[in-house]
Amino acid sequence: MEENESKTAQRENTPEPSQTEGSAQSDAKQAESQPTTQSRGQSAASVANKKSLVRSGLSLSFLTLLSRILGLVREMTKAAFLGTSFLADAYTFAFQLPNLFRRLFAENSISVAFIPTFKSYLEQEQTDPAKKEETKEFLKATFTLISFLTTAFTLLGILLAPLITPFFTESNDPELVSEMAVLTRIMFPYLIVISIAAFFQGILNGMKIFAPSGFTPVLFNLIVVLATYLLSPYTANPARAMSIGVISGGSVQALFQLPFVLKQHRAVRFTTLKKAFTNPGTRKVLRLVAPTIFGMAAYQLNDLVSMWLAGNAGPGIQSSLSYSLRLQELILGIFAVSVGTVILPDLTSFAEKKLNKEFDELLLSSIRIITLIAIPVTFFAITYSENIIQLVYKSKNFTEESVMLTNKAFLCHMTGLFFIAVNRIISPAFYAKKNTKSPTIAGIVCFAVNMVVAACLAKPFQGAGIAFALSIASVVNTIVLFVFMKKKNIADAAFMIKGSLKYVARILLFSVIATIGPFLLKPYLLKLFDTGNRFIDQGAPLVIGGILFAAVGILLLVITKDPLLSTLLKRFSRKK
């Protein structure tokens, strides 16, 4: 990660201990008090570690960018075939339902509990090779547990689909409601394959191998798009073709990672359920996950209630929210998820070795990187929101009404982009310190705020009200996480807040200044490019406005000698 700008010379000049040097196992204070050859060795190893981290981050960011672009293509395909019709709402709901449980079984367990536990097994292996057998049994038990739980929930979901779906739509047409249940049944097995894919990703990420897992979403999006075009003529409707693509793409995500896992000599086999539940490693994982169950249940209930409110707010609301979120995730996925994924193993390592200063600086550096990206992007996206939506989605089935519904949701979603991104950076800090209760409580508070605001705004403002509720809840979640950061001594909260707020204020000011030119130029660009071709009419003003916005922003960063920009330029010049 980029080096941090610090107020004190001590923070700027103290070398960082290596994760692999023997000296890193000593107390942090001793490391600081010995500026000898040993500390110089630590500094050299730390630089190598940082370079490795940057390479991993850049590689993952590129793959995530490619994945998000193809995800946008997938959503464009959906817009072209389904628009904001009832069928689009039905597909959106049917796809989101297994995703809710995926977050519970896969994302929650893997990020909160599995990776830190697996890391501890790996570190034990380094000192005692005999521990490899224990690691093998732990992986077998975890694989069995995930497979069993997800299969049970999938069967339950398939059986109950006809009873669940009527609650999430205002339509009384039995044929359309029945189609909604059919799509749900087709896609529910996605929960099994994507959870297994997440397990493989946890193994690889725990060993600091990011590329294979970063590439699997690319394959998924390609398969869904191809399936839609190839199978639509042979299915009852395009939504079924897309649903077949989803289950096929999820299966490929798991299968693609398997050879890389086997290459690391990590066995992927089943064991008995008794061994799965009694294995010391899985019991530790379950203990770590248990406090988050209430928070995750609140999170799932949050999404379910949001889907229910959207489904009953009017036709096209669910799908318009989905289109808007896809654009937001294109930005979030490139940077927030990549940075959060890459820093988690290192935060965990710093936490276990009690290297608090390095922990704080890595976390602050990550927050600043997100600030430098998220805030300017928010300003520009809001300025050109309708043009972005028309460029990406406008088609025969995606009408002017579809553009209007999606634009309202997008404007409200973008107001919370920065806070959602920051939350995805702060949460790994808690997980690295084995604190899962605080994010859980923050999640419950976030859920409560979101539900209250969404319930109040859904009827009068429809999709925009539901989107804005999410943004408000994200702000509250950020505040609560910082409060817990201080109370639970997760990091130096004062150092974080002081270093973050000053940088946020600076980037906010720069973004406002950089927005003025593109905003004033926009009407003239739209009038100049009026050819009847949406890619030219909307794309050209976006490109020109974006270049002007970026030029002014970079100039301001250069004039003020922004620390992150300076670090990047120094590294680039050294590389040349």
Side-chain angles (χ1 to χ4, degrees), residues 66-99 157-158 161-162 165 168-169 171 173-191 193-194 216-253 255-256 307 311 315-327 329-330 389-403 405-406 533-535:
L66 183 58
S67 164
R68 297 298 176 176
I69 291 172
L70 287 171
L72 193 59
V73 172
R74 189 188 83 213
E75 209 70 5
M76 291 168 68
T77 303
K78 174 184 159 188
F81 279 87
L82 305 176
T84 51
S85 63
F86 170 84
L87 205 55
D89 287 350
Y91 169 83
T92 300
F93 167 78
F95 181 54
Q96 285 179 345
L97 196 58
N99 263 323
I158 290 173
T165 51
F168 294 89
T169 177
S171 174
D173 187 335
E175 186 177 342
L176 294 176
V177 175
S178 175
E179 182 63 26
M180 198 170 177
V182 170
L183 295 176
T184 302
R185 284 176 160 172
I186 293 173
M187 284 190 280
F188 224 107
Y190 174 71
L191 170 63
V193 293
I194 200 61
T216 55
V218 174
L219 295 173
F220 172 80
N221 290 317
L222 279 173
I223 290 170
V224 175
V225 171
L226 288 173
T228 306
Y229 280 98
L230 295 176
L231 300 180
S232 288
Y234 308 102
T235 54
N237 55 63
R240 290 196 186 185
M242 291 195 78
S243 300
I244 295 170
V246 167
I247 186 64
S248 303
S251 301
V252 170
Q253 281 186 281
L255 292 172
F256 180 80
M307 284 196 295
I317 300 302
Q318 273 192 357
S319 50
S320 66
L321 286 168
S322 173
Y323 293 130
S324 172
L325 281 170
R326 173 54 59 184
L327 289 173
E329 287 173 1
L330 175 65
I389 291 164
Q390 289 200 43
L391 173 66
V392 174
Y393 295 127
K394 191 74 166 65
S395 63
K396 182 180 178 180
N397 290 317
F398 200 88
T399 62
E400 288 293 337
E401 183 183 2
S402 302
V403 172
L405 287 174
T406 306
N533 184 307
R534 90 173 197 262
F535 295 103

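Nothing fancy with the numbering, it's 1 onward along the sequence. These values consider heavy atoms only, across backbone and side chains, with no hydrogens, waters or symmetry-generated copies.
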Which of Ile194, Val246, Ile158 passes side-chain contact (heavy atoms from CB on, under 4.5 Å) with Pro189? It is Ile158
Please round to the nearest 0.5 Å and tell me the distance separating atom CD1 of Ile244 and atom OH of Tyr234.
13.0 Å
Has the side chain of Asn397 got a donor or acceptor atom that lies under 3.5 Å from a matching backbone atom of Ala80?
yes
Is a side-chain N or O of Ser243 found less than 3.5 angstrom from the main chain of Ala239, in a donor-acceptor match?
yes
For a quick test of reading the model, state the closest non-hydrogen atom pair linking Phe398 to Thr406 and the distance between them.
CZ-OG1, 3.4 Å
According to the interplanar angle, ranging from 0 to 90°, do the rings of Phe220 and Phe95 count as parallel (below 30°), tilted (30 to 60°) or perpendicular (above 60°)?
parallel
Return the CG to CD distance between Leu183 and Glu179, rounded to the nearest 0.5 Å.
4.5 Å
Does Tyr393 reach the main-chain N or O of Tyr323 with its side chain, forming a donor-acceptor pair under 3.5 Å?
yes
To the closest 0.5 Å, what do you measure between CD1 (Ile186) and CE (Met242)?
12.5 Å
Value rounded to 0.5 Å, distance of CG in Leu70 from CG in Leu66:
5.0 Å
Measure across Ala227 and Gly245 and return the closest heavy-atom pair with its distance rounded to 0.1 Å.
CB-CA, 3.6 Å
Nearest 0.5 Å, what's the CZ-CE distance between Arg326 and Met76?
12.5 Å
Hydrogens and angles aside, do Lys78 and Ser319 bring a side-chain donor and acceptor to less than 3.5 Å of each other?
no
Is there a side-chain contact between Leu72 and Leu327 in this structure, where contact means two heavy atoms from C-beta onward sitting under 4.5 Å apart?
yes
Distance, nearest 0.5 Å, that separates CG of Leu219 from CZ of Phe256
5.5 Å
Can you name the side-chain hydrogen bond (donor to acceptor under 3.5 Å, both in side chains) partners of Ser402, sequence neighbours left out?
Thr84, Thr399
Hey, mind stepping through Asn221 and Val73 against side chain to side chain contact (heavy atoms under 4.5 Å, CB included) and telling me if it holds?
CA-CA 8 Å; Asn221 290 317; Val73 172; over 6 Å; no
Where do Ser248 and Ile223 come nearest, in terms of heavy atoms and distance?
CB-CG2, 4.0 Å
Going by the rule side-chain hydrogen bond (donor to acceptor under 3.5 Å, both in side chains), which residues pair with Ser324 if we only count those two or more places apart in sequence or in a different chain?
His413
Indicate yes or no for a side-chain donor-acceptor contact from Asn237 to the backbone of Arg240 under 3.5 Å, with no hydrogens or angles considered.
yes
For Lys394 and Gln390, which heavy atoms make the closest approach, and how far apart are they?
CB-O, 3.0 Å
Between Gln318 and Asp89, the two heavy atoms sitting closest are OE1-O, 3.0 Å
If you take all heavy atoms of Gly83 and Ala88, which pair is closest and at what distance?
O-CB, 3.3 Å
State whether the side chain of Arg185 and the backbone N or O of Ala161 hold a donor-acceptor pair below 3.5 Å, judged by distance alone.
no
Counting only N and O atoms by type, is there a donor-acceptor contact under 3.5 Å from the side chain of Ser320 to the main-chain atoms of Ile317?
yes
